[in-house]
Student: 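I'd like to ask some things about the structure below.
What you see is a predicted model; the values in this text were computed from it and never measured. So you know, we letter chains A, B, ... as the sequences are listed, proteins then strands, and number each from 1.
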Amino acid sequence: MRKAKNNRKLLRRILASGRLLVIPGAYDPVSAMLIARAGFPAVYVGSYATAATRLGMPDVGLLTMAEAAAHAKAIADAVDIPVLTDAESGFNNAANVWRTVRTFEQAGVAGIHIEDHAFGKHVALPQALLPLREMVHRIRAAVDAREDENFLIIARCDAAAAHGDIDEAVRRMNAYTDAGADLVMSPEIDVPVLASMRPRIKGKLVVTDTPGRSVADEEHAGADVVIYYGFALYAAYHGVKSALEAFRRTRDADQVPHVRQSIAEFEDFIGFSEFAARARKYGLG
Amino acid sequence: MGKADSNRKLWRRALASGHPLAVIGAYDALSAMLVQRAGFPAVYIGSYTTSAARLGMPDVGIVTMEEMAADAKAIVDAVDIPVLADGENGWNNAANIWRTVRAFEQAGVVGIHLEDRVFGKHMPLPSVLTPCRDMVEKIRAALDAREDENFLIIARTDAASARGDIDDAVERMNAYTEAGADLVMTPAIDLELLTALRPRVKGKLVIADTPGRSVADDERAGADVVIYYGFTLFAAFHGVKSALAAFKRTRNADEVPHLRGSIDEFEEFIGFAGFAARARKYGLG
């Protein structure tokens with residue numbers, strides 16, 4: 001767990017530096033490795049991408065804690081940079097959330113966010129939030145449960161995203177900070193709203209990216225961390241879909257751009273030559 | 001297992017039709033769903049893509065049988081079309097291979113290929129093949145182990161691809177067919193070699209796609225099934241890599257082509273609307 005411990009310290013140092021942290025979401029180890037290679041400082045693993053790629057399902061609460069943690073572990077194992085992970089609503093109440101914290105900590109990630117959204121995410125249905133008091137206890141229990149004090153507990157509040165209730169969002173986030181959360185998070189809010197509520201929020205703020213906004217826009221509005229949760233997933237979705245359509249049409253993979261031309265680069269990237277070197281070193285070649 | 005039973009029958013009928021089947025490799029549930037939507041008749045799941053997408057590792061014999069079977073099951077669960085899986089060298093000897101066959105059958109795939117390669121795939125290292133006699137026993141054991149008689153056992157020889165030994169490849173494939181294999185397979189084989197070897201091979205022949213060739217080329221050379229094992233992985237690799245490079249450069253996701261523009265289409269594709277409908281039907285909305 002040396003890598004995990006070092007990465008947690010590294011992430012805390014980056015956060016303390018005051019630089020805006022842009023974290024693209026990965027959907028698997030290859031996309032996470034590409035994020036690391038592109039020079040981003042951290043990788044995000046969220047239920048939105050994991051539900052899609054592991055289960056082929058929408059992000060509507062179907063993914064289990066064990067599935068999310070196993071996927072996060074596969075990604076943490078594959079990269080050297082810190083991995084930040086989505087722990088949904090903690091998958092458990094305050095009395096049992098220790099198991100979620102322990103599982104993600106053992107998966108080697110740098111931290112998790114736990115949200116107060118109880119029902120209705122990503123869909124046009126009545127939204128339900130956990131009562132504030134219950135969420136405060138959940139955050140306290142999560143903070144108590146961590147073994148590594150540098151493991152980040154991020155308290156996510158969906159009051160602004162779900163109900164557009166800025167005052168409630170501010171009140172809740174500050175209560176979560178008082179309960180010991182390392183950072184707070186308010187997803188899916190546009191830049192003007194973010195700018196207006198930012199001065200009232202204690203501590204560092206995590207947001208998610210919004211179409212129409214650049215990193216500079218998010219930085220000016222006062223975000224400390226921006227999670228691009230669907231980034232790699234959308235790129236892969238479009239890339240795979242287009243390639244399949246072109247192949248279906250031409251029945252000639254040579255005419256599909258960037259597929260066969262990527263083979264040599266991919267094999268170099270994924271590490272075949274390191275295996276060959278180990279094989280030779282240990283008498284297998 | 002109604003879906004698995006009917007897909008195995010469907011696959012056997014498709015093979016009997018005489019048209020070559022282009023089977024496209026998926027690396028996760030989402031890419032498999034895209035293969036299905038593009039109109040291809042079947043999906044393939046191979047160790048090449050699973051090593052990369054699940055472990056971030058090259059395909060050098062590191063994926064376990066359980067990992068492959070679990071990934072195969074996730075893909076089977078996500079699509080309606082037949083899924084063909086890579087059973088590597090069976091992970092077991094002839095006495096224990098029943099467990100591998102059972103695991104993949106329970107995963108719901110239509111069949112697996114089992115290969116005589118023991119070491120050196122994808123590598124400039126000395127290749128090791130299982131002796132023909134041992135491989136024949138493995139095939140016999142695999143056939144004995146299946147519960148559904150329509151579950152396909154495909155016997156793969158790497159004699160041609162590993163050593164360029166066409167005579168040995170033909171001799172082995174015919175021995176595997178005589179042992180009861182439903183199909184035989186010779187991957188990564190040059191078009192002229194394939195054309196030369198085809199008349200001497202009994203039964204239906206599976207090959208892997210090769211750069212420089214179209215489906216029509218493979219058909220003329222006598223292939224019955226062509227597995228495009230890396231197709232979606234290479235497309236995703238290129239798509240994610242290019243999108244990250246563009247984002248790193250512009251720091252504005254709006255300027256990354258096909259990324260935010262794909263969100264609505266993706267969410268429709270993955271099935272958020274189905275969840276909303278279930279929620280309303282059962283009193284949650």
Student: Please determine, among B/A253, B/P58, B/A245, B/A52, the option with the most heavy-atom pairs under 4.5 Å with chain A.
Tutor: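 So the answer, after comparing B/A253, B/P58, B/A245, B/A52, is B/P58.
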
Student: Report the C-alpha distance between A/E265 and B/H238 in whole Å, list the side-chain angles of each, state the deciding distance to 0.1 Å, and finish with yes or no for side-chain contact (heavy atoms from CB on, under 4.5 Å).
Tutor: CA-CA 10 Å; A/E265 185 190 338; B/H238 178 82; 5.9 Å; no

Student: How many angstroms lie between atom CD1 of B/I270 and atom OH of A/Y237, to the nearest 0.5 angstrom?
Tutor: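 Separation between the atoms: 8.5 Å.
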
Student: Which atoms form the tightest heavy-atom contact between A/V240 and B/S31, and what is the distance?
Tutor: CG1-CB, 4.4 Å

Student: Check this for me: A/R251, atom CZ, are more than 12 non-hydrogen atoms of other residues, nucleotides or ligands nearer than 6.0 Å?
Tutor: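 No - once you tally the heavy atoms of other residues, nucleotides and ligands closer than 6.0 Å, there are 12 at most.
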
Student: Should B/V240 and A/H238 be marked as a side-chain contact (heavy atoms from CB on, under 4.5 Å) after you check the CA-CA gap, both sets of side-chain angles, and the distance that decides it?
Tutor: CA-CA 9 Å; B/V240 173; A/H238 179 80; over 6 Å; no

Student: At a 4.5 Å cut-off on heavy atoms, which part of B/L284 comes close to chain A: side chain, backbone, both, or neither?
Tutor: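 It is both, since atoms from each part get that close.
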
Student: If I measure from the heavy atoms of chain A, does B/L125 come under 4.5 Å with its side chain, its backbone, both, or neither?
Tutor: side chain

Student: Output the option from B/F269, B/F237, B/F275 having the highest count of non-hydrogen pairs under 4.5 Å with chain A.
Tutor: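 Maximum pair count with chain A is reached by B/F237.
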
Student: Go through the steps to decide whether A/F275 and B/I62 satisfy the test side-chain contact (heavy atoms from CB on, under 4.5 Å), and finish with yes or no.
Tutor: CA-CA 10 Å; A/F275 170 78; B/I62 258 174; 5.8 Å; no

Student: Heavy-atom count around A/R19 CZ within 6.0 Å, excluding the residue itself: above 12?
Tutor: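 At most 12 heavy atoms, drawn from other residues, nucleotides or ligands, come within 6.0 Å of this atom.
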
Student: Looking at side-chain heavy atoms only, is the closest gap between A/V256 and B/F231 below 4.5 Å?
Tutor: yes

Student: Do A/R54 side-chain atoms and B/A74 backbone N/O form a donor-acceptor pair below 3.5 Å?
Tutor: no

Student: Please state whether the side chain, the backbone, both or neither of B/T49 comes within less than 4.5 Å of a heavy atom of chain A.
Tutor: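 The answer is neither part of B/T49.
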
Student: Below 4.5 Å from any heavy atom of chain A, which atoms of B/V35 appear? Answer side chain, backbone, both or neither.
Tutor: both

Student: In terms of the angle between their ring planes, are A/F247 and B/Y228 parallel, tilted or perpendicular, with boundaries placed at 30° and 60°?
Tutor: tilted

Student: Using every non-hydrogen atom in the two residues, find where A/V60 and B/F272 come nearest and quote the distance to one decimal.
Tutor: CG1-CD2, 3.8 Å

Student: Given a strict heavy-atom distance threshold of 4.5 Å, which part of A/V22 is in contact with chain B: side chain, backbone, both, or neither?
Tutor: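 The side chain, not the backbone.
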
Student: Which heavy atom of B/D254 sits nearest a heavy atom of A/G212, and at what distance?
Tutor: OD2-CA, 2.7 Å

Student: What I want to find out is whether A/D254 reaches B/R213 closely enough, with some N-O distance under 4.0 Å, to be called a salt bridge.
Tutor: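 Salt bridge flag = no for B/R213 with A/D254.
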
Student: Which answer fits B/I24, side chain, backbone, both or neither, if we ask what part of it has an atom under 4.5 Å from a heavy atom of chain A?
Tutor: side chain

Student: For the candidates A/G61, A/P211, A/A243, which exhibits the highest count of non-hydrogen atom pairs separated by less than 4.5 Å from chain B?
Tutor: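 The candidate making the most pairs under 4.5 Å is A/P211.
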
Student: What are the two closest heavy atoms between A/S214 and B/N252, and how far apart are they?
Tutor: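 The pair with the smallest heavy-atom distance is CB-CG, 3.6 Å.
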
Student: Test your reading of the model: is there a side-chain donor-acceptor pair from A/K241 to the backbone of B/L34, 3.5 Å cut-off?
Tutor: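 Checked: no pair found.
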
Student: Applying side-chain contact (heavy atoms from CB on, under 4.5 Å), run through A/F231 and B/V256 and close with a yes or a no.
Tutor: CA-CA 10 Å; A/F231 194 95; B/V256 179; 4.3 Å; yes

Student: Please classify the contact of A/L55 with chain B as side chain, backbone, both or neither, using a heavy-atom distance under 4.5 Å.
Tutor: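 Backbone only.
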
Student: If you count heavy-atom pairs within less than 4.5 Å of chain B, which of A/A26, A/A232, A/A52 leads?
Tutor: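 Sorted descending by pairs with chain B, the first entry is A/A52.
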
Student: Using a 4.5 angstrom heavy-atom cutoff, name the option from B/A38, B/A78, B/A26 with the most pairs to chain A.
Tutor: B/A38

Student: Strictly below 4.0 Å, N to O, side chains only: are B/R260 and A/D209 in salt-bridge contact?
Tutor: yes

Student: What residue, out of A/E218, A/E245, A/H122, has the most heavy-atom pairs lying under 4.5 Å from chain B?
Tutor: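 The candidate making the most pairs under 4.5 Å is A/H122.
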
Student: Taking the six-membered ring of B/F234, is the NZ or CZ of A/R260 close enough (under 6.0 Å from the centre) and on axis enough (within 45°)?
Tutor: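 No, a cation-pi geometry is absent between A/R260 and B/F234.
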
Student: Answer whether the closest heavy-atom distance between the side chains of B/L55 and A/P29 falls below 4.5 Å.
Tutor: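 Heavy-atom side-chain distance check fails, nothing below 4.5 Å.
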
Student: Looking only at the side chains, is there a donor atom on one of B/E265 and A/Y234 sitting less than 3.5 Å from an acceptor on the other?
Tutor: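 Looking only at side-chain atoms, A/Y234 and B/E265 do not form any donor-acceptor pair under 3.5 Å.
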
Student: Between B/D218, B/I263, B/D209, which residue shows the highest count of heavy-atom pairs closer than 4.5 Å to chain A?
Tutor: B/I263

Student: Name the option with the most non-hydrogen atom pairs under 4.5 Å to chain A; the candidates are B/D77, B/T250, B/D59, B/I75.
Tutor: B/D59

Student: Report yes if some heavy atom in the side chain of A/E267 is under 4.5 Å from a heavy atom in the side chain of B/Y48; otherwise report no.
Tutor: yes

Student: In terms of heavy-atom pairs under 4.5 Å, which option from A/A38, A/G230, A/A279 contacts chain B the most?
Tutor: A/A38

Student: Could you look at A/I35 and say if it's the side chain, the backbone, both or neither that has a heavy atom under 4.5 Å from chain B?
Tutor: both

Student: Is it the backbone or the side chain of B/M57 that comes under 4.5 Å from a heavy atom of chain A, or both, or neither?
Tutor: backbone

Student: With a 4.5 angstrom heavy-atom cut-off, is it the side chain or the backbone of B/F119 that approaches chain A, or both, or neither?
Tutor: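 The side chain, not the backbone.
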
Student: So which part of B/A276 gets closer than 4.5 Å to some heavy atom of chain A, the side chain, the backbone, both or neither?
Tutor: both

Student: Is there a side-chain contact between A/T53 and B/Y27 in this structure, where contact means two heavy atoms from C-beta onward sitting under 4.5 Å apart?
Tutor: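 No, too far: nothing below the 4.5 Å cut-off.
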
Student: Do the charged groups of A/D217 and B/R251 touch, with an N to O distance under 4.0 Å?
Tutor: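 A salt bridge is absent here (no side-chain N lies under 4.0 Å from a carboxylate O).
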
Student: Between chain B and each of A/V30, A/D28, A/L244, count heavy-atom pairs under 4.5 Å; write down the option with the most.
Tutor: A/L244

Student: Can you tell which of B/P211, B/G274, B/A236 has the highest number of heavy-atom pairs within less than 4.5 Å of chain A?
Tutor: B/P211

Student: Can you say whether B/R54 sits under 4.5 Å from chain A via the side chain, the backbone, both, or neither, judging by heavy atoms?
Tutor: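 Answer is both: backbone and side chain atoms of B/R54 are under 4.5 Å from chain A.
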
Student: Please state whether the side chain, the backbone, both or neither of B/D217 comes within less than 4.5 Å of a heavy atom of chain A.
Tutor: neither

